[in-house]
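Just below is one structure, and these are the notes that go with it.
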Amino acid sequence: MTVRRSALALTALTALTAASAAFAPAAVAEDSPAPSPSVKLPSGLYGDSDPTYDGVYRQSLALLAQSTAGVEPSTKAVDWLTGQQCADGSFAPFRAEPSADCDAKTPVDTNQTATAVQALAALGGHDEAVGKAVDWLKSAQNDDGGWGYLPGGATDTNSTSLVIGALAATGTKAEAVTSKKDKTPEDALLGLSLKCADGGAFAFQPEKNGDLTANEDATAAGVLGGLGSSLVVTKGESAAQTACEKPADARAAAANGAAHLADVLKKDGHLTSAMPGAEDQPDTGNTADAVTALYAAGLTDAAKKPLAWLEKNGPVWAKQSGPSAWAQLVLTAHATGTDPRAFGSTDLVAGLNATGPAPKSAGNAPGAQDSAKQAEDAEDADGSQISVWWIVGVGLLVGAGVGLMISLRNKSGRK
């Protein structure tokens with residue numbers, strides 16, 4: 001979902017590295033405590049962790065998820081998001097002084113911008129802001145037809161898929177958006193898909209030697225991108241293809257990616273991640289993204305076991321991880337046709353609402369009347385909300401004293 005977390009983590013790492021010192025590759029860990037925010041938190045922002053690297057992303061996911069659940073969000077929450085936009089249409093993760101003009105040092109990126117587009121398009125009434133953001137995204141397209149996290153950066157599957165989702169949310173066909181070299185986003189995704197002999201997954205980016213390495217987070221993103229879907233997924237038709245075939249287009253590559261995810265999920269019913277030197281851990285966020293991707297591709301039977309695992313384990317993770325995680329689960333519930341207010345034994349909508357300002361309307365579904373009250377009591381729940389971003393222990397920004405934090409999405413995100 002996602003920004004996806006690989007995209008945000010790796011590119012936040014890249015951006016900071018370019019600004020200062022070199023880092024070891026970032027790894028994702030869950031259920032990890034977040035440091036106290038180093039900036040003053042705006043009252044309209046979801047979550048209580050430092051928004052420096054994921055503020056717009058998590059805000060956008062929260063608003064998008066609320067929209068799918070029939071919740072009318074707080075005006076100040078929406079105003080905070082629109083106030084973060086730069087004059088050229090782009091979004092940075094967080095601008096503490098949104099009244100100040102953006103300049104060359106403002107760290108705008110495609111992931112925050114594409115996710116904001118999807119949220120604002122879903123809410124409606126923000127045509128000018130959405131149009132400017134889409135125009136900026138088009139201007140940041142690489143010659144190969146795809147997008148990197150930073151404008152001008154190397155194309156990656158996660159960022160390209162998020163932008164395709166933004167185009168889809170605004171009714172724009174991705175194949176109509178071509179680069180200066182007449183390449184489409186489809187071309188970029190095909191170039192990042194592995195051959196069937198290598199499993200048919202998607203890579204995040206090519207290795208330095210040009211090789212492609214399967215990445216489950218990127219594969220979940222690539223499935224949505226190849227299908228031309230936004231983060232709000234409609235269940236696809238039952239898939240006839242359950243094994244890898246040589247792809248003729250991005251949609252066929254997406255089918256291969258979904259078959260790869262189904263195969264990986266067979267054993268445990270969830271994906272795993274590990275820190276260097278640590279044992280594998282269940283990866284709840286990427287499992288949610290994978291389930292969403294399977295439903296989008298029509299592989300619903302393959303998604304039943306991981307969906308049941310998510311219903312049991314997802315809410316605990318979301319309570320520890322914050323608004324992006326709650327939103328990710330709401331979007332997965334929507335994709336699977338599961339009631340987000342009864343996901344296992346948890347009201348995901350109430351959980352999400354409680355991480356930000358009280359919504360104007362909590363919706364009409366059973367139990368929704370309690371959501372606004374829980375949102376008003378969000379401050380009482382601060383101790384139980386731990387950001388999905390955490391300090392990367394394998395490298396610190398030398399001389400800057402800045403802790404690198406990574407998000408979901410989700411993956412990345414995409415958060």
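Nearest heavy atom pair, residue A92 against residue R95, reads CB-CG, 4.2 Å. Closest of all the heavy-atom pairs between A201 and A214 is CB-CB, 3.7 Å. Contact detail for P323 and T355: the closest heavy-atom pair is CB-OG1, 3.4 Å. Residues A69 and V330 come closest through the heavy atom pair CB-CG1, 4.5 Å. Minimum heavy-atom separation, A65 to L352: CB-CD2, 3.7 Å. The two residues G200 and C244 come nearest to each other via the heavy atoms CA-SG, 3.8 Å.
Side-chain contact of R341 with T346: a donor-acceptor pair under 3.5 Å is absent, judged by distance alone. Between the side chains of Q281 and T272, no donor-acceptor pair is found at a separation under 3.5 Å. Between the side chains of T155 and N142, a donor-acceptor pair is found at a separation under 3.5 Å. For the residue pair D109 and N111, no side-chain donor N or O sits within less than 3.5 Å of a side-chain acceptor on the partner. With no hydrogens or angles considered, no side-chain donor-acceptor pair links N158 and S161 at under 3.5 Å.
Considering L294, V291, L299 in turn, L294 is the only one that fulfils the side-chain contact (heavy atoms from CB on, under 4.5 Å) rule with L261.
Although no hydrogens or angles enter the test, the distance criterion places no donor-acceptor pair under 3.5 Å between the side chain of D198 and the main chain of L194. The main-chain N or O of V232 is found under 3.5 Å from a side-chain atom of S230 such that the two form a donor-acceptor pair. Looking at S67, its side chain never comes within 3.5 Å of a backbone N or O of L63 through a donor-acceptor pair. In this structure, T110 contributes its side chain and G148 its backbone to a donor-acceptor pair below 3.5 Å. Between the side chain of Q85 and the backbone N or O of G89, at least one donor-acceptor pair lies under 3.5 Å. Formation of a donor-acceptor pair under 3.5 Å by the Q84 side chain with backbone atoms of V56 is not found in this model. Looking at Q59, its side chain does come within 3.5 Å of a backbone N or O of Y46 through a donor-acceptor pair. Between the side chain of S193 and the main chain of L190, a donor-acceptor pair closer than 3.5 Å is present. Remark: the backbone N or O of K266 is paired with a side-chain donor or acceptor of K305 at under 3.5 angstrom. Looking at N215, its side chain never comes within 3.5 Å of a backbone N or O of F202 through a donor-acceptor pair.
The line from CD of Q66 to OG of S74 is 9.0 Å long, rounded to the nearest 0.5 Å. Here CG of D339 is found 12.5 Å from NE2 of H334. Values are rounded to the nearest 0.5 Å. Here the straight-line distance linking atom NE2 of H270 with atom CG of D280 works out to 9.5 Å at 0.5 Å rounding. In this structure, L61 CG and W326 CH2 are separated by 15.0 Å, a value rounded to the nearest 0.5 Å. Note that CG of L192 is 8.0 Å distant from CG of D156, once rounded to the nearest 0.5 Å. The structure places CG of L231 at 6.5 Å from OG1 of T115, a figure rounded to the nearest 0.5 Å.
Contact check for E186 versus D249: side-chain heavy atoms found under the 4.5 Å cut-off. By the 4.5 Å heavy-atom criterion applied to side chains, Q328 and W317 are counted as neighbours. W80 is not listed as a side-chain neighbour of P98, based on a closest heavy-atom distance of 4.5 Å or more. Side-chain contact between V177 and L167 is present, with heavy atoms from C-beta onward closer than 4.5 Å. Side-chain contact check for C86 versus T106: some heavy-atom pair is nearer than 4.5 Å. For the pair K360 and P73, the minimum side-chain heavy-atom distance is 4.5 Å or more. Side-chain atoms of L81 and S60, non-hydrogen and from C-beta on, do get closer than 4.5 Å to each other. Looking at P185 and W147, their side chains come closer than 4.5 Å, going by heavy atoms from C-beta outward.
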> Would D187 and D144 count as a side chain to side chain contact (heavy atoms under 4.5 Å, CB included) if you check the C-alpha gap in whole Å, the side-chain angles of each, and the deciding distance to 0.1 Å?
Replying inline: CA-CA 7 Å; D187 294 324; D144 63 6; over 6 Å; no
>> Could you walk me through whether Y53 and Q112 satisfy the side chain to side chain contact (heavy atoms under 4.5 Å, CB included) test, starting with their C-alpha distance in whole Å, then the side-chain angles of each, then the deciding distance to 0.1 Å, before giving a yes or no?
In response: CA-CA 10 Å; Y53 301 106; Q112 317 285 332; over 6 Å; no
> What do the steps show when you test T332 against T292 for side chain to side chain donor-acceptor pair (under 3.5 Å), and what is the final call?
Replying inline: CA-CA 5 Å; T332 297; T292 299; 3.0 Å; yes
>> Evaluate F91 against V117 for side chain to side chain contact (heavy atoms under 4.5 Å, CB included), listing each step before the verdict.
In response: CA-CA 10 Å; F91 285 82; V117 165; 5.8 Å; no
>> Working note: L189 + I164, criterion side chain to side chain contact (heavy atoms under 4.5 Å, CB included); need CA distance, chi angles, decisive distance, verdict.
In response: CA-CA 11 Å; L189 288 181; I164 290 173; 3.7 Å; yes
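Dense packing is recorded around CD of E72, with more than 12 heavy atoms of other residues, nucleotides or ligands lying under 6.0 Å away. The number of heavy atoms from other shown groups lying within 6.0 Å of NZ (K183) does not exceed 12.
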